Amino acid sequence: MATTNAGVARILQELADLMKLEEGSPQSFRVRAYEKAVAAVRELTTDVAEMSQSQLVAVGGIGASTAKKILEFVNTGSIERVEKLREKYPPEFVELTRIPGVGPKTAVLMRAHLGVENVEHLKAAVAANKVRELPGMGAKSEDKIARAIERLGLHGKDRRTPIQQAMPLARELVASIEALPEVRRATYCGSLRRFRDTIGDIDIVAASTEPEPVMEAFLALPVVSEVIGRGDTKSSVLTAAGLQIDLRVVAPSEFGAATLYFTGSKQHNIELRQRAIDRGWTLNEYALADAETDEVISSRTEKSIYEALGLRYIAAELREGTGEIEAAATKALPRLVEVGDIKGDLHVHSTWSGDGRSSLDEMVATAAARGLEYIAITEHAENLAINGLSRDEVAAEAKELDRLRDAHPELTILHGSELNIGPDGGLDYDNDLLMAFDWCVASVHSHFDLPQAQQTDRLLAAIAHPAVNVIGHPTGRMIGRRPGIEFDLDAVLDAAADTGTALEINCHLDRLDLPAEMLRHARERRDLTFVISTDSHHIREYDHLQWGVANSRRGWVDRRQVANTWPRDRFLEWARLTRA
DNA sequence: GCCGTTTTCGGCCCGACTGTTTTCAGTCG
């Protein structure tokens, strides 16, 4: 597999994370320099593997030292500095810093004083009240850590990987395998294909009549750090980060049955097999076949198997055994959203926001070039330190938007804002300014630890405000790093329905917020409106749309309830009416 | 480690908040 930009970005990010521990500070200039280099590589439009030292150094954010490391990685598949640091800080130790409240200093401190090397050790130390005795720590910090471990579901060994890490890797692996001449088709399956927000391991199924060279190529991939098992049709490996990848090679005629079987879920498969048995058939990873004669009824595609069983095709995101088979049998499946249905993006930042990375001109021009009919520019608001816009800046940006409207007459540009919902439900600016915007997203960006009743109240207050069109990333969760705020979901859904306030489905892979579980909870409600938004901070992030769409599908969201699938006139009319 | 000079060192965004503390670590976007 050729070195990809994503692969380079990944190892540089690992280097940055390891340097945080080494330097004892996430703010170290060296760490920040590496993180800038990561961002630079992610945003490159050319192939890093093809670039020379001088070309790399010419990229802003990459200097001589990082360029050298990139070349080392491209040429050898590893970086010596990273290897050394991995020995000193193994993955299970690094994992400690994923716990909110535990940074590099605390992790190193706990290791030095208490011998804490992993989450299991930390849990024991917390249980023995040892952590509160450390300098700079107290009972509250210890409790916070204990709760964080509990709520994040970290248990050390059997940890799950956030989809944000697994998905890009799986895409890359599938592309490499599919590029092999012996491979007809390949796809990832399992919980990743079902679009769960965390995954246990990556399952890949490839169709080929020559499994041997496929297996060999797989085992030789640079991402493989350890081979657990190898056979003719199935091999398992581990990455350096401890993520397991399984590859299964099947005959092309069995591809549908194999992907169906390995995509699961277990419950979905059980129900499908029961349906087969009821018809005198059997279903396994090779085929749907007659139980008596073994004659194959269907195996080549998933669709043909579903159809043979009297079912509409069931999208992978729905296969959780939560009523999808019954719905497919009675033609009651939701009309799921496709990427092509989306006509507008209603949560977009530019460099006017402190954390934006593409200019306003670029963000608008790219939206127009992608064929969007409407877009809302929603910079951060004044109460968000550093990143937010002052009132003067809001006025100044409004003038820029007028200019851009003239330059892009085919695109409707809404002047919006991403407001901050304060701990008491208060918003930024004043009412006159709020009502002067065309579109307001209101989001929680702070005070994640308030009690449930207070969290519910602040969301209800924001929903009730006439200027607010949509609640942005409603839970505020960061998958694998921070649980969402706790609130009364039904109370929030009721209020959103009453006021016509939409709920965002945020497309960032580390957010996917609202989570699919909450969307499923709301799936019978026809009185709710959703908006699928990329929350882009860079032109490349418009591509994240696919993730929000997939999450909506997993949540059984019907496309008729997604406001940004509506044509421009209908959307604008609705947006205007809800601001009153 | 990167950058950009007033060109080989010195600055690198910064403010609020919490929990722990008399100076700092972690977190937020």
Side-chain angles (χ1 to χ4, degrees), chain A residues 12-13 15-16 18-41 56-70 79 81 96-110 131-145 147-148 347-357 378-390 417-424 428 441-450 472-473 476-478 481-485 506 508 510-511 513 535-538 541:
Chain A
L12 290 179
Q13 183 63 59
L15 179 56
L18 291 167
M19 286 305 294
K20 283 179 201 169
L21 292 162
E22 182 73 1
E23 303 246 315
S25 163
Q27 271 81 249
S28 126
F29 293 119
R30 198 173 274 120
V31 170
R32 276 164 53 183
Y34 283 133
E35 289 188 329
K36 269 187 205 162
V38 171
V41 170
L56 285 167
V57 171
V59 176
I62 300 176
S65 163
T66 304
K68 235 176 113 180
K69 290 187 174 73
I70 292 174
I79 298 173
R81 188 76 215 259
L96 290 170
T97 61
R98 281 179 37 205
I99 301 167
V102 179
K105 285 221 169 151
T106 310
V108 170
L109 183 78
M110 294 191 303
V131 172
R132 65 180 64 186
E133 292 166 9
L134 294 173
M137 306 291 284
K140 280 198 175 177
S141 308
E142 191 176 74
D143 287 348
K144 199 177 163 188
I145 290 171
R147 270 186 300 137
H347 187 165
V348 174
H349 297 268
S350 76
T351 47
W352 281 78
S353 295
D355 57 356
R357 300 190 317 287
T378 54
E379 310 292 2
H380 286 296
E382 63 177 357
N383 292 351
L384 190 65
I386 312 304
N387 288 336
L389 268 60
S390 68
S417 180
E418 182 181 14
L419 307 168
N420 304 288
I421 305 174
D424 54 356
D428 313 64
V441 182
S443 310
V444 166
H445 289 131
S446 65
H447 301 87
F448 297 94
D449 274 342
L450 300 177
H473 44 72
R477 72 169 178 170
M478 297 293 266
R481 285 191 284 145
R482 176 179 80 202
I485 61 171
N506 189 288
H508 280 282
D510 56 354
R511 288 193 182 273
D513 190 6
D535 191 3
S536 288
H537 289 66
H538 186 274
E541 295 180 358

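All values derive from a computational prediction rather than experimental measurement.
- Residues meeting the side chain to side chain contact (heavy atoms under 4.5 Å, CB included) test with A33(A), sequence neighbours left out: none.
- Looking at K69(A) and Y34(A), their side chains come closer than 4.5 Å, going by heavy atoms from C-beta outward.
- The pair K20(A)-E35(A) counts as a salt bridge, with a side-chain nitrogen and a carboxylate oxygen less than 4.0 angstrom apart.
- dA16(B) and dG4(B) have their C1' atoms separated by 32 Å, given to the nearest Å.
- Residues I485(A) and L450(A) have side chains not in contact (no heavy-atom distance under 4.5 Å, counting atoms from C-beta outward).
- For the 3.5 Å distance criterion, the side chains of H447(A) and H445(A) fail to qualify, holding no donor opposite an acceptor.
- Separation of the P atoms belonging to dA25(B) and dT21(B) is 13 Å when rounded to the nearest angstrom.
- Here D355(A) pairs with S353(A), H380(A), N387(A), H537(A) under the side chain to side chain contact (heavy atoms under 4.5 Å, CB included) rule; sequence neighbours left out.
- G388(A) comes within 4.0 angstrom of no nucleic acid atom, judged by non-hydrogen atoms across all strands.
- Atom name C1', nucleotides dT6(B) and dG11(B): the rounded distance is 14 Å, in whole Å.
- At least one side-chain heavy atom of I70(A) sits less than 4.5 Å from a side-chain heavy atom of L12(A).
- Rounding to the nearest 0.5 Å gives a distance of 11.0 Å between NZ of K105(A) and CD of E23(A).
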Pairing pattern in dot-bracket form [Watson-Crick, G-U; both distances under 3.5 Å; | = partner strand] for DNA chain B: ((((....))))..(((((....))))).

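- Going from atom CD1 of I62(A) over to atom C1' of dC3(B) covers 14 Å, rounded to whole Å.
- Rounded to a whole Å, the CG atom of L56(A) is 11 Å from the P atom of dC2(B).
- Atom name P, nucleotides dC17(B) and dC13(B): the rounded distance is 23 Å, in whole Å.
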Working for side-chain contact (heavy atoms from CB on, under 4.5 Å), residues E22(A) and V31(A): CA-CA 10 Å; E22(A) 182 73 1; V31(A) 170; over 6 Å; no

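- Residue L18(A) contributes atom CG, which lies 16 Å from atom C1' of dG1(B) at whole-angstrom precision.
- When the C1' atom is used for both dC3(B) and dT22(B), the distance is 37 Å, rounded to whole Å.
- R32(A) has its CZ atom 6 Å from the C1' atom of dC12(B), to the nearest Å.
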Under 3.5 Å, which N/O atoms of the protein pair with N/O atoms of nucleotides 6-9 of chain B?
none

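- For the P atoms, the distance from dT18(B) to dC12(B) is 28 Å, rounded to whole Å.
- Side-chain contact between P135(A) and L109(A) is present, with at least one heavy-atom pair separated by less than 4.5 Å.
- Annotation: side chain to side chain contact (heavy atoms under 4.5 Å, CB included) contacts of R477(A) (sequence neighbours excluded): D197(A), T475(A), I479(A), L512(A), D513(A), P515(A).
- Comparing the same atom, C1', in dT5(B) and in dG10(B) gives a spacing of 10 Å after rounding to whole Å.
- In this structure, the side chains of V41(A) and I62(A) come closer than 4.5 Å at one or more pairs of heavy atoms.
- Note on V59(A): only backbone sugar-phosphate atoms sit closer than 4.0 angstrom, heavy atoms only; bases stay farther off.
- Evaluated for a side chain to side chain contact (heavy atoms under 4.5 Å, CB included) with H349(A), the options E418(A), E541(A), R357(A) yield exactly one hit, E418(A).
- Across all strands shown, A37(A) has no heavy atoms under 4.0 Å from either base or sugar-phosphate atoms.
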Under 4.0 Å protein heavy-atom contact, by nucleotide of nucleotides 19-29 of chain B - B base, S sugar-phosphate only: SSS---SSSSB

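- Regarding M19(A), its CE atom lies at a distance of 11 Å from the P atom of dC2(B), rounded to whole Å.
- At the heavy-atom level, Y34(A) lies under 4.0 Å from the strands shown only through sugar-phosphate atoms.
- Here the separation of dG19(B) from dT7(B), taken at their C1' atoms, is 45 Å to the nearest Å.
- Spacing between atom CZ of F29(A) and atom C1' of dC12(B) amounts to 5 Å, rounded to whole angstrom units.
- Here the C1' atom of nucleotide dG15(B) and the CG atom of N420(A) are 13 Å apart, to the nearest Å.
- A straight line from NE2 of H447(A) to P of dA16(B) spans 13 Å, rounded to a whole angstrom.
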